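Reviewing the structure listed below.
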Number of protein chains: 2
Amino acid sequence: MVYQEPAQLDRLFHALSDPTRRAMLKALTEDEQKIGDLARPFAMSFAAASKHVRVLESAGLVRRRIEGRAHVCRIESEPLAAIEEWLAFYARFWSRRLDTLEALLQAAPDPTLPATEEKS
Amino acid sequence: MVYQEPAQLDRLFHALSDPTRRAMLKALTEDEQKIGDLARPFAMSFAAASKHVRVLESAGLVRRRIEGRAHVCRIESEPLAAIEEWLAFYARFWSRRLDTLEALLQAAPDPTLPATEEKS
DNA sequence: TTCTTGGTAAACCATATGGTTTAATAGCGC
DNA sequence: GCGCTATTAAACCATATGGTTTACCAAGAA
């Protein structure tokens with residue numbers, strides 16, 4: 001069960017409602033990034049970017065590891081499964097979905113993870 | 001293409017980040033509801049509920065039809081497909097997903113819609 | 001030790017959000 | 001028209017959000 005209490009969904013959706021944060025998340029799919037790396041692309045102060053990271057962190061979407069003076073961030077996409085789950089309930093209310101999802105299933109048996117339990 | 005400009009995703013995620021609004025959305029899966037119906041379950045003023053509906057509406061998740069003095073709301077779940085699409089990119093980064101999705105695909109060939117184009 | 005770098009903390013600011021209450025508007029029943 | 005019902009509008013309030021700036025602290029480099 002990926003069930004998350006409502007507050008967790010709140011934080012999750014809220015974290016994703018900002019384009020900067022979504023961009024950061026995307027950047028993190030490339031590789032781990034230091035806070036500074038994450039901040040650089042954006043026209044905002046370092047401190048602001050740092051706050052964004054914290055929001056992502058508190059939504060569980062980012063994990064932070066401190067290495068010396070650098071804070072290294074890693075995407076933690078597990079929480080997104082909670083959204084998927086939430087979405088599932090509504091899936092039957094739109095049509096295009098089946099095509100989309102099916103494509104997904106075909107598409108990408110995770111190339112990055114060590115092929116965990118992929119549909120056995 | 002369900003592509004939505006970033007601002008649309010912003011509005012979408014933001015609309016969903018509030019538990020009241022998610023509850024309203026869920027209520028709307030049962031049937032169409034007047035604003036008053038939507039408001040009733042919540043410990044808040046009518047006006048407050050009305051504002052929530054507007055947020056859902058501006059995210060495209062609810063459509064409003066005026067019938068006499070009543071405003072009748074209907075869920076518009078199409079925009080959720082945009083989230084699904086956004087999520088798709090990250091899907092490969094978590095594992096449990098495949099099981100979940102597959103279950104979904106089996107589960108519910110939409111019982112409410114007139115069997116549109118279901119995977120031909 | 002001193003300087004620079006990577007980052008947080010704190011104070012502050014403008015605007016957004018979620019709520020209230022009190023009008024005001026429009027449609028139905030009488 | 002008169003009053004009740006369904007809803008919005010407007011004014012207001014407290015708190016949250018997204019940003020800034022300035023200080024501060026820890027870790028490498030010189």
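Order of the sequence lines sets the chain letters (A, B, ...), proteins ahead of strands, with each chain counted from 1. Values in this document were obtained by computation on a predicted structure and should not be read as measured data. In what follows, every heavy atom counts, from backbone to side chain, and hydrogens, waters and symmetry copies are set aside.
Here B:Glu30 pairs with nothing under the side chain to side chain donor-acceptor pair (under 3.5 Å) rule; sequence neighbours left out.
Listed for the A:Gln8 side chain is a donor-acceptor partner under 3.5 Å among the backbone atoms of A:Ala59. In terms of modelled atom types and a separation under 3.5 Å, the side chain of B:Arg21 and the main chain of B:His14 share a donor-acceptor contact. Under the 3.5 Å distance criterion, the side-chain polar atoms of B:Ser77 are matched with a main-chain donor or acceptor of A:Phe93. Not a single donor-acceptor pair under 3.5 Å links the side chain of B:Glu67 to the backbone N or O of B:Val72.
Straight-line distance from the CD1 atom of A:Ile66 to the P atom of D:dA26: 12 Å, rounded to whole Å. In this structure, B:Arg11 places its CZ atom 15 Å from C1' of C:dA16, rounding to the nearest Å. The distance between atom CG of B:Asp10 and atom P of D:dT17, rounded to the nearest whole Å, is 15 Å. Here C:dT5 presents its P atom at 17 Å from NE2 of A:His71, a figure rounded to the nearest Å.
The salt bridge (charged side-chain N to carboxylate O under 4.0 Å, His left out) test with B:Arg63 is passed by exactly one of B:Glu57, B:Glu76, B:Glu78, B:Glu32: B:Glu76.
Nearest heavy atoms, B:Leu12 versus B:Pro79: CD2-O, 3.3 Å.
Aromatic ring pairs are classed by plane angle as parallel below 30°, tilted from 30° to 60° and perpendicular above 60°; the pair B:Phe13 and B:Trp86 is perpendicular.
In the region residues 33-42 of chain A, proximity to DNA chain C at under 4.0 angstrom, judged on heavy atoms, holds for A:Lys34, A:Ile35, A:Gly36.
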In B/S/- notation (B base, S sugar-phosphate only, - none; protein heavy atoms under 4.0 Å), nucleotides 18-30 of chain C written 5' to 3' is SBBB-----BS--

